[in-house]
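Sequential numbering from 1 along the given sequence is applied to the chain's residues. Note that ligands are numbered from 1 as they come in the structure, with each ligand's atoms numbered from 1 the same way.
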Amino acid sequence: MIYLKSKEEIELMRQSGRLVALVLSGMNKMIASGVTTLELDQWAEDFIRRHGATPAFKGYRGYPNTICASVNHQVVHTIPSGEKLKEGDIISIDVGVNLNGYCGDSAATFPVGIVSPEAIKLMQVTQQCLYRGIEQALVDNRIGDISHAVQSLAEANGFSVVREYTGHGIGRNMHEEPQVPHFGIPHTGPRLREGMVLAIEPMVNVGSHEVVSLADGWTVITKDRSLSAQFEHTVAITAEGPDILSKL
Ligand code: MF3
Ligand code: CO
């Protein structure tokens, strides 16, 4: 079932959302050639705990860390490691928190130093896909309107959208109904209602949409090893329109 949130609950979720946004802005400042993804993870965990929250991913289905840190052709769910970032890499950071019983979830892809024009285009288009999807998060629209808006912009730019991992409802639990695919058909799927809160999180690939998971049980990469980017926001559906909760 889909849990609708009251205005008071949405204000609590805004606090959770603001905390994930603060973590991502810290990441943006720290990301540089020579930094390891484990250093980013440790900073994120300390920062979240100092704010009286807990990292929502850590321990979730056995996930060992606070952030997912997926570099270049890694798509999602990459466990932080001692590997150093290099000039020209792109890195997708996904982070979730639980603050006062409510979750926030957000992701962004960052450049490490100077990156290729293709990487810049991929990051820009993926972020635009997220915002196109958010524009459709309107009362009386349907999930498929969000899905289609994301997919059509990605494909119009010659890119592809990952099928296997979707966005989701979010609230007291990190993953709630409904699922939010980032590809689909307009005017289909569950109807959007005031008080729904969705995490919309398109993963966009330069090459084919196909992905494979690695033997560590977490890391997902593009099958053709092409670059992948991801942007995610936690968004409330209100009578006044989409309300992005995971921002500063
Ligand atoms: N934002 C991702 C999601 O909604 C993060 C989950 S990572 C996990 O699926 F480690 F917690 F699984
Ligand atoms: Co999510």
Side-chain angles (χ1 to χ4, degrees), residues 2-3 5 13-14 16-24 27 37-38 40-42 44-45 48-49 53-71 74-81 91-99 102-110 126-127 129-131 133-134 137 143 146-147 150 161-183 196-205 211 213-221 228-237 242-247:
I2 297 177
Y3 296 104
K5 281 80 184 177
M13 291 192 72
R14 197 185 306 285
S16 312
R18 187 174 137 78
L19 184 57
V20 289
L22 284 168
V23 173
L24 289 178
M27 298 282 113
T37 54
L38 204 53
L40 298 174
D41 184 78
Q42 280 159 0
E45 179 167 1
I48 289 165
R49 295 196 191 282
T54 52
F57 299 173
K58 196 164 183 162
Y60 180 85
R61 298 190 180 183
Y63 188 75
N65 288 80
T66 294
I67 62 169
C68 301
S70 304
V71 177
Q74 295 169 340
V75 178
V76 273
H77 299 170
T78 308
I79 297 172
S81 77
I91 176 169
S92 304
I93 306 275
D94 190 356
V95 62
V97 303
N98 185 319
L99 176 65
Y102 288 90
C103 295
D105 190 1
S106 186
T109 303
F110 303 95
T126 307
Q127 190 171 34
C129 285
L130 169 60
Y131 283 98
I134 291 171
I143 291 290
I146 298 175
S147 309
V150 170
V161 169
V162 172
R163 292 355 189 198
E164 282 83 350
Y165 302 88
T166 68
H168 48 92
I170 179 168
R172 287 194 167 276
N173 307 294
M174 185 169 64
H175 291 145
E176 297 183 358
E177 286 180 42
Q179 284 197 1
V180 185
H182 304 106
F183 66 102
M196 284 187 184
V197 181
L198 303 176
I200 305 173
E201 52 180 313
M203 288 138 270
V204 175
N205 301 344
V211 297
S213 344
L214 301 189
D216 63 13
W218 286 104
T219 313
V220 177
I221 64 171
S228 187
Q230 181 181 32
F231 285 83
E232 175 177 27
H233 272 310
T234 297
V235 181
I237 294 167
D243 186 355
I244 299 176
L245 303 180
S246 47
K247 65 181 193 195

**Report entry** Option with minimal heavy-atom separation from atom 5 (C) of ligand 1, where the choices are I79, I170, D94
**Finding:**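 Comparing heavy atoms across I79, I170, D94, the nearest one to atom 5 (C) of ligand 1 lies in D94.
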Say whether [X], considering both its backbone and side-chain N or O atoms, lies within less than 3.5 Å of an N or O atom on ligand 1.
X	answer
W218	no
H175	yes
Y63	no

Query raised in the report: Is the Y165 to H182 ring centre distance short of 6.0 Å?
Result: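 For Y165 and H182, the ring centres are not under 6.0 Å apart.
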Requested in this report: Using a cut-off of strictly less than 2.8 Å, determine whether H175 has an N/O/S atom near the Co ion (ligand 2).
Outcome: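 Looking at H175, which is the residue asked about, there is no N, O or S atom under 2.8 Å from the Co ion (ligand 2).
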Requested in this report: Tell me whether E232 has at least one N, O or S atom under 2.8 Å from the Co ion (ligand 2).
Outcome: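 Here the distance criterion (N, O or S atom, under 2.8 Å) is met by E232, so yes.
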Determine whether the side chain, the backbone, both or neither of [X] has a heavy atom under 4.0 Å from any heavy atom of ligand 1.
X	answer
A56	neither
F57	both
E201	side chain
Y165	neither

Atom name, [X] (N, O or S, nearest to the Co ion (ligand 2)):
X	result
D105	OD2
E201	OE2
H168	NE2

Query raised in the report: More than 12 heavy atoms of other residues, nucleotides or ligands under 6.0 Å from CZ of R163: is that the case?
Result: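 Check passes, neighbour count above 12.
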